Structures are given as structure tokens and as C-alpha cells.
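A quick note: this is a predicted structure, and the numbers were derived from the prediction, not measured. Positions are given from 1, in the same order as the sequence printed here.
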Amino acid sequence: MRLTNSATHYGLVSKLLHWVIALSIIGLIWLGWYMVDLTYFDKWYNQSLAFHKAHGMLVLGLALVLFIWKIVSPSPAEVASMPSWQRVAAHAMHHILMLLMVAIPVSGYLISTSAGKPVSFFGLFDVPALFDKNEEVRDFAIDLHFYIAYGIGFLVLGHAGAAIKHQLIDRDGTLARMIWR
Ligand code: HEM
Ligand code: HEM
């Protein structure tokens, strides 16, 4: 399997980035949903939040790598046999998902920053807070993070549903070319 993308195929780098980012975001939506109901007395209270933040920052880094990679090795055009409105819709959806994969971790980082706290990246180094504690920004960031996270979850259902429908019903190889083709 080649590393770079061609006019019709995704290479290994794009495939790995897609699936690591996608599974991370899906896992972090689940973890976020689970951890907000934990109380201070729960033994996972601190660990789950620390892991959520560090892994979320990793997604931000990987999203930036994906954007640079798309400049170095442009992605293939949408599958040619699709009707043109579906190609436009898929293209738009991919761009919205790329915007949101940056907006989710940035809004999460804003929650931590507005508490005046740095984010530890798995104990390796700290991403410093940008400004002092600010309750108004924090309330806004918590709401923003909530809506973006569940919003992307909702869009991904449509995105994944379309990929599976194209693979199984239209049999145009859409899912195959993001996995093995
Ligand atoms: C949070 C989860 C996900 C995000 C953020 C996401 C995002 C993206 C993005 C940005 C692209 C365009 C890639 C590029 O041009 O380099 C893409 C393509 C693709 N995604 Fe996802 N994705 C997610 C989950 C999924 C899932 C669960 C599936 C399948 C079940 C899937 C199947 C595909 C396929 C098949 C393509 C290629 C489409 C084509 O060939 O035109 N994705 N995705
Ligand atoms: C891909 C990245 C991320 C996803 C998908 C994600 C998703 C979520 C979700 C679904 C929640 C639960 C919201 C609720 O039900 O109230 C949550 C909460 C939270 N997330 Fe994230 N998150 C991500 C990255 C981050 C990052 C990078 C940080 C900080 C550096 C962060 C900090 C937080 C905090 C502090 C909460 C708790 C908010 C509260 O007190 O209600 N998240 N996240």
C-alpha cells in the first residue's frame, strides 16, 4: 500500500490519520459524556479528566498534521460515479468535520485555560494557560464544547451512514478506499 494519496486512492498516511482521529473523537465523546456524571469521590474523577484533556490535545495535533498532509499530498476527489449533488455534499461534510475536529479541542482547551490551569500532556509537558481565571469565558466555553461535541457526533452518524450506504448499496467502493483499497 502506498503512503501518499493519488487522484483516485487514499494512501496509508491519510487512512491512519482518518481512523486514529475518528476513533479518538468517538471515544472522547463517550468519555466526556461518562465523566461529567462522576463525583469528586469517584476514583476515576481526576484520571478520566486528565486523560480526556491530554488525548483531546493529541487530536488537535493530529488534525494539524492531517491539514499539512493534505497540502503535501492532496486527497483524491470524491468517487466519480456519484451524482454531482452527493459529491458536493460529501466535500462540504468533510470540510465541516475538519473545522470541527479543531473546534472541539480548542473549545476544551478554552475551558481549562479560563480556569487559569495548564493542560498536562500525559505528564510529558504542560500546555500553559493563556489567561487568568475568568468565569464568564469558562461558562461560555463549557456550553460551546458541549454543543460542538454532540454536534459532531450527530454529523458523524450521517457521514458514516453515507459511507456504509455507498459501500453496501451503491457498491462504489467508498468505504473500501478509506480502508483497504
Ligand atoms: C469523528 C469521526 C470522523 C471524522 C471527524 C471523520 C472525518 C473525515 C474527513 C475529514 C474525511 C476527508 C478525508 C480527507 O480528505 O483526507 C473523511 C473521509 C471518509 N470517512 Fe470519515 N470521519 C469520521 C468517522 C468516520 C466513520 C465512522 C466512517 C465509516 C464508517 C468514515 C468513513 C469515511 C470514508 C469512507 C471517507 C472517504 C470518503 C470519500 O472517499 O470521499 N468516517 N472522514
Ligand atoms: C477531540 C476532542 C474532544 C472531544 C470529542 C470532547 C468531548 C467532550 C464531551 C462530549 C464532553 C461532555 C459534555 C457534557 O456532556 O457536558 C466533554 C467535557 C469536557 N471536556 Fe472535552 N472533548 C475533547 C477535547 C477536550 C480538550 C482538549 C479539553 C481540555 C484541554 C477538554 C476538556 C473538557 C472538560 C473540562 C469537560 C467537562 C466540562 C464540564 O464541566 O461540563 N475536552 N468533552
Side-chain angles (χ1 to χ4, degrees), residues 1-38 44 48-49 51-109 142-181:
M1 193 184 285
R2 48 188 292 173
L3 288 180
T4 52
N5 300 319
S6 72
T8 51
H9 285 71
Y10 284 103
L12 186 60
V13 176
S14 285
K15 286 176 182 157
L16 282 177
L17 284 167
H18 175 269
W19 289 110
V20 173
I21 292 172
L23 295 178
S24 299
I25 291 179
I26 294 167
L28 285 168
I29 294 176
W30 173 81
L31 181 60
W33 166 81
Y34 165 80
M35 77 186 184
V36 287
D37 286 334
L38 297 180
W44 297 116
S48 61
L49 183 58
F51 180 82
H52 181 91
K53 291 181 187 177
H55 202 111
M57 295 308 279
L58 179 65
V59 168
L60 178 60
L62 290 174
L64 299 179
V65 173
L66 173 67
F67 299 162
I68 294 169
W69 182 248
K70 280 175 71 78
I71 296 171
V72 175
S73 177
S75 299
E78 278 67 31
V79 172
S81 59
M82 282 186 204
S84 65
W85 73 268
Q86 288 182 15
R87 272 186 275 139
V88 171
H91 196 72
M93 175 67 101
H94 296 164
H95 282 84
I96 294 170
L97 289 173
M98 283 189 276
L99 185 75
L100 295 183
M101 70 172 70
V102 170
I104 310 184
V106 167
S107 60
Y109 174 60
I142 288 177
D143 284 352
L144 194 64
H145 195 60
F146 174 93
Y147 287 115
I148 299 175
Y150 293 115
I152 199 171
F154 182 72
L155 290 181
V156 164
L157 289 179
H159 169 70
I164 293 167
K165 183 246 176 203
H166 275 278
Q167 182 65 37
L168 299 182
I169 296 175
D170 302 331
R171 299 193 176 272
D172 61 10
T174 297
L175 187 56
R177 75 171 187 167
M178 194 36 114
I179 305 179
W180 68 87
R181 266 220 318 237

Next item on the list: May I have the step-by-step check of side-chain contact (heavy atoms from CB on, under 4.5 Å) for I104 and I25, ending in yes or no?
Entry: CA-CA 9 Å; I104 310 184; I25 291 179; 4.2 Å; yes

Note to self: What's the separation between atom CD1 in I29 and atom CD1 in I26, rounded to the nearest 0.5 Å?
What the structure shows: 7.0 Å

Notebook entry, point to check: Shortest non-hydrogen contact from P105 to G56?
Noted result: CB-O, 3.4 Å

Notebook entry, point to check: Are any of the side-chain heavy atoms of L175 and H166 separated by less than 4.5 Å?
Noted result: no

Item checked: Rounded distance (nearest 0.5 Å) linking atom OG1 of T8 with atom CZ of R181 -> 9.0 Å

Note to self: Using the rule given for side-chain contact (heavy atoms from CB on, under 4.5 Å), can you reason through K15 versus H18, listing the C-alpha separation, both sets of side-chain angles and the distance that settles it, and then say yes or no?
What the structure shows: CA-CA 5 Å; K15 286 176 182 157; H18 175 269; 5.8 Å; no

Next item on the list: Measure across R177 and A77 and return the closest heavy-atom pair with its distance rounded to 0.1 Å.
Entry: NH2-O, 2.9 Å

Check: Just by distance, do the side chain of T174 and the backbone of Q167 share a donor-acceptor pair under 3.5 Å?
Finding: no

Next item on the list: Answer whether the closest heavy-atom distance between the side chains of L60 and Y109 falls below 4.5 Å.
Entry: no

Notebook entry, point to check: Atom CZ in F67, atom CG in L62: separation rounded to 0.5 Å?
Noted result: 11.0 Å

Next item on the list: Check H145 against G108 and note the closest heavy-atom contact, atom names and distance.
Entry: ND1-N, 3.2 Å

Note to self: When you measure from the side chain of S14 to the backbone of Y10, do you find a donor-acceptor pair of N or O atoms at a distance under 3.5 Å?
What the structure shows: no

Notebook entry, point to check: How about P76 and H9: do any of their side-chain heavy atoms sit closer than 4.5 Å?
Noted result: no

Item checked: L155 side chain near L97 side chain, heavy-atom distance below 4.5 Å -> yes

Item checked: Interatomic spacing from CZ in F51 to CG in L31 - rounded to 0.5 Å -> 7.0 Å

Item checked: Heavy atoms of other groups near W85 CH2, more than 12 under 6.0 Å -> no

Next item on the list: May I ask you to test the K165-D170 pair for a side-chain heavy-atom distance under 4.5 Å?
Entry: yes

Next item on the list: Find the distance between CG (L38) and CG (L49) and round it off to the nearest 0.5 Å.
Entry: 9.5 Å

Margin query: Checking the side chain of W19 only, and the main-chain atoms of M178 only, is there a donor and an acceptor separated by less than 3.5 Å?
Written below: yes

Margin query: Determine whether a donor-acceptor pair (N or O, by modelled atom type, separation under 3.5 Å) exists between the side chain of N5 and the backbone of S73.
Written below: yes

Notebook entry, point to check: Quick one: does R87's side chain have a donor or acceptor within less than 3.5 Å of a partner on E78's backbone?
Noted result: no

Next item on the list: Take F146 and Y150, measure what ring-ring contact (aromatic ring centres under 6.0 Å, His included) needs, and give me the verdict at the end.
Entry: CA-CA 6 Å; F146 174 93; Y150 293 115; 5.0 Å; yes

Notebook entry, point to check: Where do S107 and L144 come nearest, in terms of heavy atoms and distance?
Noted result: CB-CD2, 4.1 Å

Margin query: Rounded to the nearest 0.5 Å, what separates atom CG in L66 from atom CD1 in I21?
Written below: 5.0 Å

